[in-house]
Amino acid sequence: MDTSEIGQVQESFDQAVAHIEDLKSLQQLKVEYLGKKGKVTGLMKEMKNLSKEERPQFGAAVNETRNHITEIIEQKTQTLEAEALEAKLAEETIDVTLPGRNFSLGSPHPLSLIIENIEDFFIGLGYEIAEGYEVETDYYNFEALNLPKSHPARDMQDSFYISEEMLLRTHTSPVQARTMESRAGKGPVKIICPGKVYRRDSDDATHSHQFTQIEGLVVDKNIHMSDLKGTLELFAKEIFGEEREIRLRPSYFPFTEPSVEVDISCFKCKGNGCNVCKYTGWIEILGAGMVHPNVLEMAGFDSSEYSGFAFGMGPDRIAMLKHGIEDIRHFYTNDLRFINQFKVTEDGGAKNESI
Ligand code: 2NL
């Protein structure tokens, strides 16, 4: 019996393992010696060529070598794993002394500032904010507002149609119609509806196919024109200054009767006449009126018991007047040189309060 072959296997392993520096090579070496077709397994297979007497001694010697190799591989695995962890930790060290990166603070869009200002004012008067869909049905955008299919006033609100019955809303009134309907004929309704609206229009300095609107609606028992006037007077003072006065002129809207245009006394010339008020002393800022009985009835309110007032305004126009912005397209072209002029100061106020 020749056990020198076993010694050679062990020796060649010892030499090879000394050069191993990574776990992958160690795994390969393990397969090479202890795997199914490995060198140690090969030695075992030689047992069949030995006599019965020789086998136990040979077997014991092979086992010893296998145990030796297994143990070395285990030790080496642990050492290499520990080294790999050390290397990873060293590589991922964060230098907390590096200077931080600066992020520049954004600024709210001037339209958002105006809309939030107006919302805050009405919330203070007990109104709720209501929002709805920008893609609306013909019914809620027109029919429910006393604008049947044949109505000539529809021409002024030419829209973007999705289909015969669906369109991009031309005003925020459908939100009000839906809110009234959801109250099942019971007041009070006291809401402000801000949002984006659309009209088929050619864009220029004063027209945009997409703009913003804020409408307000109050429905309850004993609501009168005087309530509307008092509310809008407070509103004018809040947004354009304490000394402002308002003036109502008769007008027409299909959804209100009577209807009025509302002017404020000019905040620039205090009524003496200037380019802002076109030398009239007055600036038109919104439309309003008493909710048409047809609109109340269609939304499920008994118009002999309930009445209401409503108004609508364009935040784009109000922001343009307030800040002296000459082109509505500035709001929608995202030029940062424009937007950054409305940076909010640390106390939360807008820096560019021109009034
Ligand atoms: C304008 C005029 C207005 C309304 C909007 C309204 C809504 C309902 C019922 C009755 Cl649900 N009225 N909204 C009323 C009068 C005027 O907007 O010039 N907006 C820029």
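Throughout, numbering of the chain's residues begins at 1 and tracks the sequence. Counting convention: from 1, in listed order, for ligands and their atoms alike.
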*Assess the pair Phe235 and Phe311: is the distance between their ring centroids shorter than 6.0 Å?*
no

*With the threshold set at 4.0 Å, does a side-chain nitrogen-carboxylate oxygen contact exist between Arg199 and Asp158?*
no

*asked:* Using ring centroids (six-membered ring only for Trp), state whether Phe342 and His323 fall under 6.0 Å.
replied: yes

_Once ring pair (Phe, Tyr, Trp, His ring centres under 6.0 Å) is applied, what residue pairs with a partner in residues 17-45 remain, sequence neighbours excluded?_
Phe13-Tyr33

One pair per line, please: each N/O atom of ligand 1 matched with every protein N/O atom under 3.5 Å away, atom names first, then the distance to 0.1 Å.
unit_1	atom_1	unit_2	atom_2	d
ligand 1	13 (N)	Glu215	OE1	2.6
ligand 1	19 (N)	Gly312	O	3.2

*Glu257: side chain to side chain contact (heavy atoms under 4.5 Å, CB included) partners, not counting sequence neighbours*: His292

*Tell me, which pairs form a salt bridge (charged side-chain N to carboxylate O under 4.0 Å, His left out) where one or both residues lie in residues 286-307, sequence neighbours left out?*
Lys221-Glu305

